[in-house]
S.K.: 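Below is one structure. I have some questions about it.
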Amino acid sequence: MAATLDIRNVLTVMHEHDQPLRDALQDHARRLPEQHDVAQQFLALLDEAGSDPFTRGRLAGHFTGSAWLVSRDGRRVLLTHHRKLQRWLQLGGHADGDHDLAAVALREAQEESGLPGLVLASSRIFDLDRHWIPARGEVPGHWHYDVRYVVVAGHEERFSVSEESLALEWREIAGLVDDSDASMRRMARHWLAATA
């Protein structure tokens, strides 16, 4: 009986700790009805009992945090040519147990770009993307539940390329509306609409 109560207490604390993310996901679903269904998938993961969805040890799928890292003038975004995935993507990475995905996005942007003075524009979610990561070595294929936030660069735009990237590049956001990656197109269009 005591063990059951302890588990319930732990689950209650976990769910209370995740309330800010739950609220942000619900807010995102209201603001962007086209992302309502994907937001529901993220909420289902958040409420799922069992292993912690904020750690990469949950191999069925886990949360990640990414940064739509824009220049001060809002016209360009910093992208990484991802070493493992061999694609141009926004900066981001694993939560590694951190339940504050906005903080994860900012930290990953700082680590992967080397840029000083980065600022989280808001704790409001910018975009959600659930995507498949293929198997690599001992790690089986799994889902990333990527929560994306806007991060704004400071005056310094000279980046340094980390081990995670083959290259980094500032790209005009307007040029990404026809990108081959659906996720990149969606973020570019959403950004341009929001800043028009």
Side-chain angles (χ1 to χ4, degrees), residues 35 38 54-56 59 61-98 100-122 124-196:
Q35 288 223 295
V38 72
F54 293 89
T55 63
R56 62 180 91 195
L59 294 177
H62 45 259
F63 288 115
T64 56
S66 289
W68 180 251
L69 175 47
V70 295
S71 56
R72 284 179 65 83
D73 63 9
R75 294 178 45 226
R76 291 165 293 128
V77 62
L78 187 63
L79 299 180
T80 174
H81 190 197
H82 197 278
R83 184 174 297 280
K84 291 180 183 174
L85 298 176
Q86 297 288 312
R87 293 172 48 208
W88 285 97
L89 303 168
Q90 73 287 341
L91 304 175
H94 289 96
D96 289 330
D98 190 343
D100 184 348
L101 296 178
V104 171
L106 180 60
R107 181 180 67 241
E108 291 289 329
Q110 292 165 333
E111 289 175 1
E112 293 183 16
S113 73
L115 289 172
L118 298 183
V119 177
L120 189 67
S122 167
R124 182 175 264 188
I125 294 169
F126 174 64
D127 186 67
L128 297 172
D129 194 71
R130 179 178 175 263
H131 51 267
W132 183 252
I133 301 297
R136 183 173 167 85
E138 299 291 318
V139 180
H142 58 278
W143 291 100
H144 275 183
Y145 290 72
D146 197 31
V147 183
R148 295 152 176 191
Y149 299 86
V150 174
V151 173
V152 182
H155 293 291
E156 179 60 63
E157 291 189 356
R158 287 177 295 182
F159 50 76
S160 56
V161 180
S162 75
E163 294 177 1
E164 307 229 356
S165 303
L166 293 170
L168 294 176
E169 187 176 301
W170 286 104
R171 297 263 183 98
E172 291 288 331
I173 296 172
L176 297 175
V177 295
D178 297 318
D179 196 87
S180 61
D181 183 88
S183 167
M184 197 63 64
R185 287 195 307 271
R186 183 181 64 245
M187 288 188 292
R189 289 177 179 153
H190 178 58
W191 177 257
L192 293 171
T195 57

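Keep in mind that the numbers below use all heavy atoms, side chains included, and drop hydrogens, waters and symmetry copies.
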S.K.: Kindly say whether Ala109 contributes a backbone atom to a donor-acceptor pair with the side chain of Ser113 at under 3.5 angstrom?
M.R.: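 Yes, the answer is positive, given that a donor and an acceptor are paired below the 3.5 Å cut-off.
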
S.K.: Go through the structure and list residues passing ring pair (Phe, Tyr, Trp, His ring centres under 6.0 Å) with His82, not counting sequence neighbours.
M.R.: none

S.K.: Sequence neighbours left out, what passes side-chain hydrogen bond (donor to acceptor under 3.5 Å, both in side chains) with Arg75? Give chain and number order.
M.R.: none

S.K.: Just wondering, are more than 12 heavy atoms of other shown residues or ligands nearer than 6.0 Å to CD in Gln86?
M.R.: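 Yes, enclosed.
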
S.K.: What closest approach, in Å, do Ser71 and Ala153 show between heavy atoms, and which atom pair accounts for it?
M.R.: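 Ser71 and Ala153 have their closest heavy atoms at CA-CB, 4.2 Å.
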
S.K.: Given the rule in the side-chain contact (heavy atoms from CB on, under 4.5 Å) test, do Glu169 and Leu79 qualify, once you have shown the distances and angles that lead to the verdict?
M.R.: CA-CA 5 Å; Glu169 187 176 301; Leu79 299 180; 5.6 Å; no

S.K.: According to salt bridge (charged side-chain N to carboxylate O under 4.0 Å, His left out), who are the partners of Arg107, at least two apart in sequence or on a separate chain?
M.R.: Asp98

S.K.: Quick one: list whatever passes ring pair (Phe, Tyr, Trp, His ring centres under 6.0 Å) with His94, sequence neighbours left out.
M.R.: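 Partners of His94 by the ring pair (Phe, Tyr, Trp, His ring centres under 6.0 Å) criterion, ordered by chain and then number, come out as His62, His144.
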
S.K.: Can you sort out the partners of Glu156 under salt bridge (charged side-chain N to carboxylate O under 4.0 Å, His left out), two or more places apart, ordered by chain and number?
M.R.: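 Residues passing salt bridge (charged side-chain N to carboxylate O under 4.0 Å, His left out) with Glu156: Arg158.
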
S.K.: At their closest point, which heavy atom of Ser160 faces which heavy atom of Gly114, and how far apart are they?
M.R.: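 Ser160 and Gly114 have their closest heavy atoms at OG-CA, 3.6 Å.
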
S.K.: Please enumerate all residues that pass side-chain hydrogen bond (donor to acceptor under 3.5 Å, both in side chains) together with Arg136, with sequence neighbours excluded.
M.R.: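 If we apply the side-chain hydrogen bond (donor to acceptor under 3.5 Å, both in side chains) test to Arg136, skipping adjacent residues, there are no hits.
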
S.K.: In chain order, what residues pass the salt bridge (charged side-chain N to carboxylate O under 4.0 Å, His left out) check against Asp96, with sequence neighbours excluded?
M.R.: Arg56

S.K.: Let me know which of Val150, Val77, Leu176 forms a side-chain contact (heavy atoms from CB on, under 4.5 Å) with Trp191.
M.R.: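 Among the candidates, only Val150 passes.
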
S.K.: So, do Thr80 and Phe159 sit near enough that their side-chain heavy atoms are less than 4.5 Å apart?
M.R.: no

S.K.: With a 4.5 Å cut-off on side-chain heavy atoms, are Asp181 and Arg87 touching?
M.R.: yes

S.K.: Could you list the residues that satisfy side-chain hydrogen bond (donor to acceptor under 3.5 Å, both in side chains) with Asp179, not counting sequence neighbours?
M.R.: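 Once residues adjacent in sequence are excluded, Asp179 has no partner under the side-chain hydrogen bond (donor to acceptor under 3.5 Å, both in side chains) criterion.
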
S.K.: Looking at side-chain heavy atoms only, is the closest gap between Glu108 and Thr64 below 4.5 Å?
M.R.: no

S.K.: Start with the C-alpha gap between Asp129 and Arg186, add the side-chain angles, then the distance that decides, and say whether side-chain contact (heavy atoms from CB on, under 4.5 Å) holds.
M.R.: CA-CA 10 Å; Asp129 194 71; Arg186 183 181 64 245; 3.0 Å; yes

S.K.: So which atom in Ala174 and which in Val177 form the shortest heavy-atom distance, rounded to 0.1 Å?
M.R.: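 Between these two residues, the closest heavy atoms are O-CG2, 3.2 Å.
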
S.K.: Checking His81 now: which residues fulfil ring pair (Phe, Tyr, Trp, His ring centres under 6.0 Å) with it, not counting sequence neighbours?
M.R.: Trp88

S.K.: Do you know the tightest heavy-atom contact between Trp143 and His131?
M.R.: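 For Trp143 versus His131, the nearest heavy atoms are CE3-C, 3.4 Å.
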
S.K.: Answer whether the closest heavy-atom distance between the side chains of Leu69 and Glu112 falls below 4.5 Å.
M.R.: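 Side chain of Leu69 against side chain of Glu112, heavy atoms only: no contact under 4.5 Å found.
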
S.K.: Does any N or O in the side chain of Arg72 come within less than 3.5 Å of the main-chain N or O of His155, such that one atom is a donor and the other an acceptor?
M.R.: no

S.K.: Can you name the residues that form a ring pair (Phe, Tyr, Trp, His ring centres under 6.0 Å) with Tyr149, not counting sequence neighbours?
M.R.: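 Here no residue qualifies.
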
S.K.: Is there side-chain contact between Val104 and Val147, with at least one heavy-atom pair below 4.5 Å?
M.R.: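 In short, these two side chains do not touch, never coming nearer than 4.5 Å.
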
S.K.: For Arg130, enumerate each residue passing the salt bridge (charged side-chain N to carboxylate O under 4.0 Å, His left out) test, keeping only those at least two apart in sequence or located in another chain.
M.R.: none

S.K.: Considering residues at least two apart in sequence or located in another chain, which fulfil the side-chain hydrogen bond (donor to acceptor under 3.5 Å, both in side chains) criterion with Glu157?
M.R.: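 For Glu157 the side-chain hydrogen bond (donor to acceptor under 3.5 Å, both in side chains) partners, ignoring immediate neighbours, are Arg76.
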
S.K.: Would you call Leu106 and Leu118 a side-chain contact if the rule is heavy atoms closer than 4.5 Å?
M.R.: yes

S.K.: Can a donor-acceptor pair be found between the side chains of Gln90 and Asp127 at a distance below 3.5 Å?
M.R.: no

S.K.: Any side-chain heavy atom of Leu78 sitting closer than 4.5 Å to one from Leu115?
M.R.: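 Side-chain contact under 4.5 Å: yes.
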
S.K.: Is the backbone of Leu128 close enough, under 3.5 Å, to the side chain of Gln35 for a donor and an acceptor to pair up by distance?
M.R.: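 Between the backbone of Leu128 and the side chain of Gln35 there is a qualifying donor-acceptor contact (under 3.5 Å).
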
S.K.: Evaluate the ring planes of Phe63 and Tyr145, with Trp represented by its six-membered ring, and classify them as parallel (under 30°), tilted (30 to 60°) or perpendicular (over 60°).
M.R.: perpendicular

